[in-house]
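Data block below; observations after.
Below, chains carry the letters A, B, ... as their sequence lines are ordered, and counting in each starts from 1.
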Amino acid sequence: MNSSKYIIGFTALLTAFVALVLSLMYTGLKEKHKQNELLFEKRAVLGAIQDKVGKNIADLNDDEILQIFNTNIKQLVLNTKGDVLNPQEVEKKGYKGGKAENIDMKVEMKKPKDARLLPLYVYKGKDGKELYITRLFGKGLWDEISGYLALSSDKNTVVGASFDHKGETPGMGAEMKDNPKFSAQFKGKTIFDKDGKLVSINVRKGGAINKNHDVDAISGATLTSNGITNMLKSSLENYYQYLKK
Amino acid sequence: MSEIKESKKALFPMTKKERKLLFDPLNDNNPVTVQVLGICSALAVTSMLLPSIVMAIAVTFVVAFSNLAISLLRNYIPKQVRMIVQLVVIAFLVTIVELTLKAYSYPVYKQLSVFIGLIITNCIVMGRLEAFAMANKPWQSFLDGIGNGLGYGVILIIISFIRELFGRGTLLSGTPIEMKIIGASSDFWIDTTTNPYFGWYVNNNLMVLPAAALFIMGLIIWYQRSKNEKLIGIS
Amino acid sequence: MEDFLNVFIKSAFVENLVLSYFLGMCSYLAVSKSVKTAMGLGLAVIFVLGITVPINWLINHYLLSEGGLLGMDLTFLRFILFIAVIASMVQLVEMVIEKMSPALYNSLGIFLPLITVNCAILGASLFMISREYNFSESVAFGLGGGFGWFLAIIAIAAIREKLKYSNIPAPLRGLGIAFIITGLMGMAFMGLMGIDPAIFFSGK
């Protein structure tokens with residue numbers, strides 16, 4: 001039997017050692033973690049405009065991603081009235097950096113609609129035309145789902161889309177991310193009808209009916225598909241005023 | 001005599017006992033199929049080969065080094081707080097794995113998510129500490145850890161091989177950045193969706209479901225025990 | 001209250017820890033040979049989950065997060081603190097039961113140390129973080145998750161008791177068939193997927 005003094009001494013020493021090593025490691029790697037998180041999102045943004053960039057995004061290394069981002073992409077932050085905010089205003093609202101990539105959608109979607117901040121990425125390609133990449137955020141079957149939808153310079157025709165999810169069922173709901181055929185369907189669809197009403201894009205079970213506004217649902221994943229429809233509708237409604245301009 | 005000669009030739013000279021420590025867990029004393037340890041995480045990450053390999057490496061690292069650390073400390077650990085000391089050592093190593101993965105292979109980190117943290121409660125680690133490291137010398141404990149990590153990895157790789165091939169029609173698929181972590185360069189070996197010879201294959205969605213891992217595991221146990229009859233009747 | 005029931009039912013039936021996420025499989029397979037012992041372990045799991053998830057919520061919220069009492073981001077200590085809470089809670093529960101009710105201790109006692117390394121316990125705490133539950137939801141999640149685990153282990157134990165009388169190929173007996181049956185149970189539970197318990201309480 002050990003004395004309680006020894007036990008306390010031993011545990012204290014062990015804890016101190018462990019805490020010290022871990023905190024050194026954490027502070028040492030913190031910058032890299034942050035950078036990785038931002039790079040991951042940057043890849044997702046570029047994933048929506050893969051065809052326009054002309055390269056397979058997954059094949060590019062980190063420096064190439066940063067290069068495309070720095071030369072071709074303008075990051076804007078909007079409010080739901082459609083005004084572009086300047087970085088100082090955004091920083092005042094609590095986002096250090098003040099860029100689109102700093103916006104936390106989870107926080108924004110909980111706010112009342114008028115107070116939301118929206119990230120928008122504007123891509124200017126070689127042909128000089130601008131593409132508008134909007135952020136999507138919603139709820140799937142199990143957990144949150146998100147994505148990026150890229151619109152062409154008419155702010156109506158979809159150029160591409162990329163999706164991500166946190167916990168959809170593998171082989172079913174998770175196909176939204178894993179199966180490139182799903183996101184490829186979005187290309188060429190329009191989000192406004194001819195009267196200028198926002199109809200968004202519906203993920204329809206049993207196959208697309210309206211060729212301008214429907215895509216086929218993911219088989220076996222009705223609720224995830226409905227989640228994507230809702231996500232598209234509610235997210236695009238936030239951008240409505242800007243897109244109408 | 002012959003044994004000494006053999007061990008001289010080997011890269012790392014090992015006694016027969018040490019070799020047994022290293023290789024027994026691959027079959028006769030497999031942690032997953034015989035000792036019934038570490039099943040939860042084995043099932044959760046096996047839908048694809050790449051995360052399974054990363055998981056196997058991470059678990060091997062944690063078992064080997066926690067075995068080593070506990071074996072070094074075994075005469076100093078107060079009996080009353082034994083469990084907590086062991087868990088602190090394991091949690092320490094797992095946090096190191098998590099921080100490293102997050103810094104150097106973020107996509108894989110995202111894919112494994114909570115299951116990295118669950119290595120702490122992977123019973124293989126705790127089980128080997130209790131059963132082996134508390135009573136054996138550091139070097140042997142280290143070998144035991146490596147052996148058990150590999151035994152776990154073998155099962156993981158068999159299951160994920162079957163599940164990825166039949167469920168998705170690919171093998172070792174992953175983007176180049178994800179592949180960097182295991183040192184591979186090409187995208188994948190086979191992709192039935194683009195390969196003209198496999199165009200007839202329709203992916204089997206059952207294989208992607210978690211339940212498939214259980215079925216395959218049951219079949220692996222059936223096969224192993226029919227080949228190795230002394231294992232019949234264990235639990 | 002609605003949220004409480006909603007999370008409880010969801011975690012017990014729809015997102016069952018064992019059958020949907022395969023957490024806590026090791027003790028689930030090792031201790032499911034008879035209904036009686038399975039019951040003992042199941043009750044202990046409900047108990048420990050019900051305590052540790054809320055405690056870990058408090059720790060995460062008030063100690064580790066950036067807005068907590070210490071004002072620092074200490075999330076890298078999360079694993080160590082969580083597992084320490086779980087281990088010490090299990091030890092505490094063990095001592096209390098031993099003092100209060102030796103009979104219960106004798107039937108439960110041997111399972112309590114096993115619970116520390118049950119992935120379902122730590123898993124529930126980690127899920128509680130990643131799903132961002134509030135305090136009352138985390139209480140419900142702990143209890144509901146424990147109850148779901150209890151149900152699953154009772155079910156498999158009952159099936160395994162009956163399986164003893166079946167003519168199964170020798171190498172498949174025991175562990176092998178238990179895996180396959182758990183797989184079938186998991187697929188059956190997938191039928192509950194996507195049910196939103198909130199509908200039952202909204203009065204529609």
side-chain contact (heavy atoms from CB on, under 4.5 Å) assessment of B:I96 paired with A:M25
CA-CA 8 Å; B:I96 289 184; A:M25 217 175 146; 3.7 Å; yes

Would A:L39 and B:Y106 count as a side-chain contact (heavy atoms from CB on, under 4.5 Å) here? Give the steps.
CA-CA 9 Å; A:L39 258 172; B:Y106 193 74; over 6 Å; no

Please lay out, stage by stage, how B:K102 and A:K32 fare under the test side-chain contact (heavy atoms from CB on, under 4.5 Å).
CA-CA 8 Å; B:K102 202 174 169 187; A:K32 212 162 162 62; over 6 Å; no

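Residue-environment remark: CZ (B:F166) stays at or below the threshold of 12 foreign heavy atoms within 6.0 Å. Environment of CD in A:Q67: sparse, with no more than 12 heavy atoms of neighbouring residues, nucleotides or ligands closer than 6.0 Å. Around NZ of A:K111, the count of heavy atoms belonging to other residues, nucleotides or ligands within 6.0 Å exceeds 12.
Heavy-atom minimum distance, A:L29 versus B:L99: CD1-O, 3.7 Å.
In this structure the side chain of A:N36 never reaches within 4.5 angstrom of the side chain of B:Y109, judged on heavy atoms.
Residue contact with chain B, scored on non-hydrogen atoms closer than 4.5 Å, involves the backbone and the side chain of A:E37 alike.
Within the model, atoms CD1 of A:I7 and CD1 of B:I77 stand 12.0 Å from one another, a figure rounded to the nearest 0.5 Å.
Applying the ring-ring contact (aromatic ring centres under 6.0 Å, His included) criterion to B:F65, with sequence neighbours excluded, gives B:F61, B:F142. Here A:R204 pairs with A:D214 under the salt bridge (charged side-chain N to carboxylate O under 4.0 Å, His left out) rule; sequence neighbours left out.
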